[in-house]
Number of protein chains: 2
Amino acid sequence: MTDTDVVNAWRELLSRHASTWCELDRELNERYGLGASEFEVLDRLAEGVKDAYRVQELGAMVFLSQSALSRLIGRLETKGLVVRSMCDSDRRGISVCLTDAGRELYAAAKPTHRSVLAASFADAPA
Amino acid sequence: MTDTDVVNAWRELLSRHASTWCELDRELNERYGLGASEFEVLDRLAEGVKDAYRVQELGAMVFLSQSALSRLIGRLETKGLVVRSMCDSDRRGISVCLTDAGRELYAAAKPTHRSVLAASFADAPA
DNA sequence: TTGCACTAGATGCAGATGCATGGAATGTTC
DNA sequence: GAACATTCCATGCATCTGCATCTAGTGCAA
């Protein structure tokens, strides 16, 4: 793989990322008042096997700094989509858990999310 | 391509984008005081066939809003890496052109950029 | 128990981004 | 040429992000 190949691959990735992310952000925001990052967190919470996750567990899944994630969870909590609760086993930790409203909004938004992705990956499947 | 496939592909893309971008940003900032977006603009300016580009031409290449690009160019100008000048053919437009300092810094930073990309794409070439 | 290093998460702050808007120049229509 | 719509870039503003730091809780060692 030459230098140029790598650069081209990177630009291709940048392009796909930017257009998809931007579209997701616009659609989710407009219809459900959700940012793309926020949906990403809801997605992990909803699909998970557990019904509550530690903040640091979520941090390992989404690509945000610890501070950004903390505030994002704060926003979700303000919107009533998740609740924070103290972690029993380690009282420094915070458990994050979807509320019913959160589960509902997620279920409503999920088709939009998937359909944007499908459209975005349709023209040049990875 | 199933729904799950698409989601997985998207997450793979997110992951690669985040780690690569983050690494680029850190390395370029630390060594050359450049943000990843800023390098991206310098890259387009330096490799281009023309020696000056309209702001809107750059806008079509990098994935930034028009306002973000305008400010980014402002930062580059403050650092003395580019100059803005009125466009002759259309006096609404602005031509952006690398300075010698800009060309030098770009040449210095380019190997770092390429090497980060190479490392990032080495483990799973697209 | 006390002391100290370490970890989890929250927050002050500065910087970057996007949206909406503004001013200036251009093009269009009559 | 006058009036109006449109395009180009800059900027006010709110929001999101990361870095550095802070507080609270944990674990270990003497």
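Reminder, nothing fancy here: chain letters follow the sequence lines and each chain counts from 1. Values below: all heavy atoms of this structure, side chains included; hydrogens, waters and symmetry mates excluded.
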Check your understanding: Taking 5' to 3' order, which nucleotide of DNA chain C is first and which is last to have an atom within less than 4.0 Å of a heavy atom in chain A?
Key -> C:dT7 to C:dC13
Practice item. Using heavy atoms and a sub-4.0 Å distance, could you list which residues of residues 49-78 of chain B are near DNA chain D? By number, please. Key: B:Arg54, B:Val55, B:Gln56, B:Gln66, B:Ser67, B:Ser70, B:Arg71
Practice item. Using a cut-off of strictly less than 4.0 Å between a heavy atom of the residue and any atom of DNA chain C, enumerate the qualifying residues of residues 85-93 of chain A by number. Key: A:Arg92, A:Gly93
Check your understanding: What residues in residues 18-27 of chain A put a non-hydrogen atom under 4.0 Å from any atom of DNA chain C?
Key -> none
Quick one: are [X] and [Y] in side-chain contact, heavy atoms under 4.5 Å?
| X | Y | answer |
| --- | --- | --- |
| A:Val6 | B:Arg114 | no |
| B:Lys79 | B:Leu105 | no |
| A:Ser37 | A:Trp21 | yes |

Review point. Which atom pair, heavy atoms only, marks the closest approach of A:Gly80 to A:Ala101?
Key: O-CB, 3.8 Å
Check your understanding: Which pair of heavy atoms, one from B:Thr20 and one from B:Val116, lies closest together, and at what distance?
Key -> O-CG1, 4.4 Å
Practice item. Output all residues satisfying ring-ring contact (aromatic ring centres under 6.0 Å, His included) with A:Tyr106, sequence neighbours left out; order by chain, then residue number. Key: A:Phe39
Are any side-chain N or O atoms of [X] and backbone N or O atoms of [Y], one a donor and one an acceptor, separated by less than 3.5 Å?
| X | Y | value |
| --- | --- | --- |
| B:Tyr53 | B:Ser95 | no |
| A:Thr99 | A:Leu81 | yes |
| B:Asp25 | B:Gly35 | no |

Quick one: side chains of residues 55-69 of chain B, donor-acceptor pairs under 3.5 Å with protein atoms, not counting sequence neighbours, listed by atom name and distance.
from    : atom 1 : to      : atom 2 : distance (Å)
B:Glu57 : OE1    : B:Lys50 : NZ     : 3.1
B:Glu57 : OE1    : B:Arg54 : N      : 2.7
B:Glu57 : OE2    : B:Lys50 : NZ     : 2.7
B:Ser65 : OG     : B:Ser67 : OG     : 3.3
B:Ser65 : OG     : B:Ala68 : N      : 3.2

Exercise for review: Please lay out, stage by stage, how A:Asp43 and B:Arg11 fare under the test salt bridge (Lys or Arg N to Asp or Glu O under 4.0 Å).
Suggested key: CA-CA 11 Å; A:Asp43 208 15; B:Arg11 291 192 180 165; 2.8 Å; yes
Point to revise | Neighbour count above 12 (heavy atom, 6.0 Å) for B:Glu47 CD | key: yes
